[in-house]
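What follows is a single structure, written as structure tokens, with notes after it.
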Amino acid sequence: MSYSPVPPTSAARPAPQPVDERLTPAYYLQAAGLGPVERVLRCCPSVFDIKGAIALALDVPEAAGLLPTSGGLIEDGADLHGRVIVQEGARIEAGARIVGPVLICSGSVISSGALVRDHTIIGPNCHVGFGAEITRSLLAGGCLMKHPSFVGDSVIGTGVNVGAFTTTTALRCDGGPVTEPATEQITVTLDGRRISTGQTKFGAVIGTGVALPAGTVLAPGTLIGPGTVIYPRTLLGGVLPTGSRVR
């Protein structure tokens, strides 16, 4: 007698757990009209999924069907390594260094002396200036990062200004010597609950229109809602809802 297993019914499958609104990409930025950025974020129920979606899009672009073709301006003297997609209307200046896989969207400028490292998407109309370094991150669109600063393992919303010498930190260093690869997962505390990001390196999510003052250091797992006003300070962390004011 042959036996064919009966596929489980929808009633037998566990229902997906709802994602808190404050952990969704839509809480921090509106991706409509941002081209490839919109297509990547469409795959992400929570902000913790964005790094994985970027990696899929950049490592397997044919399968993901998310990326445009190159056609932008790459000046003589620009230092490019690996797969670097420069969308039409984007410009890479002489003296900039880019280590792929990386996507630079239309209207963005990567200036001389900037460093853009692997698994990064620079959305439309961003400006990355001298001394700025970005890795494993998304700049959604219209972002200004024109001065020496560092963004890693992070999501920067539309119209965000990253002040000079601002730094995201993505690695826990409270458990003894730092090791590579990292082993301690980054967590976020929301309403008294510790929520794992599922990642050992997770920097910050910065909502639309936020200006990060010069010299700000963001702790791992920092979430800043749109329209938050941040006064000059040295260290910032935690979950800041939309419209917060931080002195």
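Atoms considered below: every heavy atom in the structure, side chains included; atoms not considered: hydrogens, waters and symmetry mates.
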Establish, from distance only, whether the side-chain atoms of Arg194 and Thr187 form a donor-acceptor pair under 3.5 Å.
yes

ring-ring contact (aromatic ring centres under 6.0 Å, His included) pairs touching residues 198-218, sequence neighbours excluded, are Phe48-Phe202

Could you check whether any side-chain N or O of Ser244 sits under 3.5 Å from a backbone N or O of Val229, counting only pairs where one atom can act as donor and the other as acceptor?
no

*asked:* Check whether Thr168 reaches the backbone of Gly152 with its side chain - one donor and one acceptor, N or O, closer than 3.5 Å.
replied: yes

**Message:** Grouping I, L, V, M, F, W and Y whenever their side-chain heavy atoms are under 4.5 Å apart, do Ile121 and Leu34 come out in a common cluster?
**Reply:** yes

Minimal heavy-atom distance between Ile224 and Leu212, with the atoms involved, is CD1-CD2, 4.3 Å

Does Glu88, at its CD atom, have more than 12 non-hydrogen atoms belonging to other residues, nucleotides or ligands within less than 6.0 Å? no

Here the salt bridge (charged side-chain N to carboxylate O under 4.0 Å, His left out) pairs for residues 126-145, sequence neighbours left out, are Arg117-Glu133, Arg136-Asp153

Heavy-atom nearest pair, Gly225 first then Tyr27, reads CA-CE2, 4.2 Å

Check your understanding: With distance as the sole test, does Lys146 use its side chain to make a donor-acceptor pair with the main-chain N or O of Gly163 at under 3.5 Å?
Key -> no

Donor-acceptor pair, Thr208 side chain versus Tyr28 backbone, under 3.5 Å? yes

Item checked: Side-chain touch Val246/Arg233, heavy atoms, less than 4.5 angstrom -> yes

How far apart are the C-alpha atoms of Thr234 and Val217, what are their side-chain angles, what is the distance that settles it, and do they pass the side chain to side chain contact (heavy atoms under 4.5 Å, CB included) test?
CA-CA 6 Å; Thr234 55; Val217 177; 5.8 Å; no

Closest heavy-atom pair, Leu58 versus Pro101, reported as atoms and distance to 0.1 Å, is CD1-O, 3.4 Å

Q. Counting N and O atoms only, with roles assigned by atom type, does the side chain of Gln185 sit under 3.5 Å from a partner on the main chain of Ser196, one being a donor and the other an acceptor?
A. no

Discussion item. For Ser112, is there any backbone N or O sitting under 3.5 Å from a side-chain donor or acceptor partner on Glu93?
Written reply: yes

Worksheet item: Just by distance, do the side chain of Ser154 and the backbone of Val151 share a donor-acceptor pair under 3.5 Å?
Response: no

Closest non-hydrogen atoms of Pro25 and Pro45, given as atom of the first, atom of the second and distance, are CD-O, 3.7 Å

query = Is a side-chain donor or acceptor of Ser108 paired with a backbone partner of Ala90 at a separation under 3.5 angstrom?
reply = no

Check your understanding: Does the pair Asp191 and Arg22 meet the rule for a salt bridge (Lys or Arg N to Asp or Glu O under 4.0 Å), with working shown?
Key -> CA-CA 11 Å; Asp191 297 335; Arg22 294 164 293 178; 2.5 Å; yes

- Within the side chain of Thr169, is there an N or O that forms a donor-acceptor pair under 3.5 Å with the backbone of Leu218? yes

- Query: Judged by atom type as modelled, is there a donor-acceptor pair below 3.5 Å linking the side chain of Asp59 to the main-chain atoms of Leu56?
  - Reply: no

For Leu41 and Ala31, the nearest pair of non-hydrogen atoms, with its separation, is CD1-CB, 3.7 Å

The single option from Thr135, Val116, Leu80 that satisfies side chain to side chain contact (heavy atoms under 4.5 Å, CB included) with Val102 is Val116

Next item on the list: Treating Ile, Leu, Val, Met, Phe, Trp and Tyr as nodes and any side-chain heavy-atom pair under 4.5 angstrom as an edge, say whether Val210 and Leu144 lie in one connected cluster.
Entry: no

